[in-house]
Q: 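Here it is: the structure, laid out below.
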Amino acid sequence: MQQRNSIRIELPDWIDAVLAARETCGLDETGRMRLVLDLARANIRADLGGGPFAAAIFERHSGRLVAPGVNLVVASCCSIAHAEMVAIGLAQQRLGYFDLRQAVPGGCELFTSAEPCAMCMGAIPWAGIGRVVIGARDSDVRAIGFDEGHKPVDWIAGYARRGIEVTRDLLRAESAQILREYAEAGGAIY
């Protein structure tokens, strides 16, 4: 296998069809989370082994979609290709800033189908994200067998000290159901 001096992660082609089939600008909170959950379901249907996870970065004030992300760990053979990391990386590249606060007046928010794992949790402050909105909780993800890594018990308070707002449980039942259906269908758990 040829080695390269770069990491290149590309969104699957089907994402364009999912985004084209619905409104992606000016959505309210529930609409933003529904878009993320639609991406999670589509990622399962694509059967690339990425799992039931999706995320998206939105401009906080306008609600404009900046970048979607789905879990691409298995498809890309890259353990950092979690949905949140993909969305963050794409947003940074599209906007031309590693600190999204510099690119978007009013800041960006991350909507994610499930509570971020330990790795993604560390990337959020460094990316300059001002708000995180979560569907399923860590306990929902661990219940189907995924390893979320070690996370501080007081992570929400830690984020608050850094000026990052956290909203949990938006469409949690629906988000957790997607996880369960994925596991029941025999999806790869890693």
Q: Taking Ala40's backbone N and O only, do any of them form a donor-acceptor pair with Tyr182's side chain (distance below 3.5 Å, no angle check)?
A: no

Q: Answer yes if Tyr97 and Leu110 sit in the same cluster of Ile, Leu, Val, Met, Phe, Trp and Tyr residues linked by side chain heavy atoms under 4.5 Å apart, and no otherwise.
A: no

Q: Determine, stepwise, if the pair Asp38 / Arg41 fulfils salt bridge (charged side-chain N to carboxylate O under 4.0 Å, His left out).
A: CA-CA 5 Å; Asp38 286 350; Arg41 286 185 193 96; 3.3 Å; yes

Q: Is the backbone N or O of Gly31 less than 3.5 Å from a side-chain atom of Asp28, with the two atoms forming a donor-acceptor pair by type?
A: yes

Q: Test your reading of the model: is there a side-chain donor-acceptor pair from Ser113 to the backbone of Ala54, 3.5 Å cut-off?
A: yes

Q: Taking 4.0 angstrom as the limit, do Arg34 and Glu174 come out as a salt bridge?
A: yes

Q: State, to 0.1 Å, how close Glu84 and Cys120 come at their nearest heavy-atom pair, and which atoms those are.
A: OE1-SG, 3.4 Å

Q: If you take all heavy atoms of Ala42 and Trp14, which pair is closest and at what distance?
A: CB-CZ3, 3.3 Å

Q: Taking side chain as C-beta onward, heavy atoms only, is Ile57 less than 4.5 Å from Glu109?
A: no

Q: Mind checking whether Leu72 and Cys78 have side chains closer than 4.5 Å, heavy atoms only?
A: no

Q: Let me check something: do Val86 and Leu100 share a hydrophobic cluster, defined by ILVMFWY side-chain heavy atoms less than 4.5 Å apart, either directly or through other members?
A: no

Q: Indicate yes or no for a side-chain donor-acceptor contact from Gln92 to the backbone of Phe98 under 3.5 Å, with no hydrogens or angles considered.
A: yes

Q: Determine, step by step, whether Arg32 and Leu35 satisfy the side chain to side chain contact (heavy atoms under 4.5 Å, CB included) criterion, reporting the C-alpha distance in whole Å, the side-chain angles of both residues, the deciding distance to 0.1 Å, and the verdict.
A: CA-CA 5 Å; Arg32 291 179 209 167; Leu35 171 63; 5.7 Å; no

Q: Going through the checks in order, is the salt bridge (charged side-chain N to carboxylate O under 4.0 Å, His left out) test met by Glu165 and Arg60?
A: CA-CA 12 Å; Glu165 180 185 338; Arg60 190 158 185 182; 2.5 Å; yes

Q: Do Leu37 and Leu39 belong to the same hydrophobic cluster, where Ile, Leu, Val, Met, Phe, Trp and Tyr are linked whenever their side-chain heavy atoms lie under 4.5 Å apart, directly or via other members?
A: yes

Q: Search all heavy atoms of Val36 against all heavy atoms of Thr112 and return the closest pair with its distance.
A: CG1-C, 4.1 Å

Q: Tell me whether Phe146 shares a hydrophobic cluster with Trp155, the cluster being built from Ile, Leu, Val, Met, Phe, Trp, Tyr side chains joined at under 4.5 Å.
A: no

Q: Report yes if some heavy atom in the side chain of Tyr190 is under 4.5 Å from a heavy atom in the side chain of Asp147; otherwise report no.
A: no

Q: Look at the side chain of Asn43 and the backbone N and O of Gly51, then say whether any donor-acceptor pair between them is shorter than 3.5 Å.
A: yes

Q: Between the side chain of Arg94 and the main-chain N/O of Val66, is any donor-acceptor distance below 3.5 Å?
A: yes

Q: Using only atom types and a distance under 3.5 Å, with no angle test, would you say the side chain of Lys151 pairs donor to acceptor with the backbone of Met121?
A: no

Q: Report yes if some heavy atom in the side chain of Leu170 is under 4.5 Å from a heavy atom in the side chain of Arg168; otherwise report no.
A: no

Q: List the steps, then state whether salt bridge (charged side-chain N to carboxylate O under 4.0 Å, His left out) holds for Arg131 with Glu29.
A: CA-CA 12 Å; Arg131 181 172 182 235; Glu29 283 189 357; 2.4 Å; yes

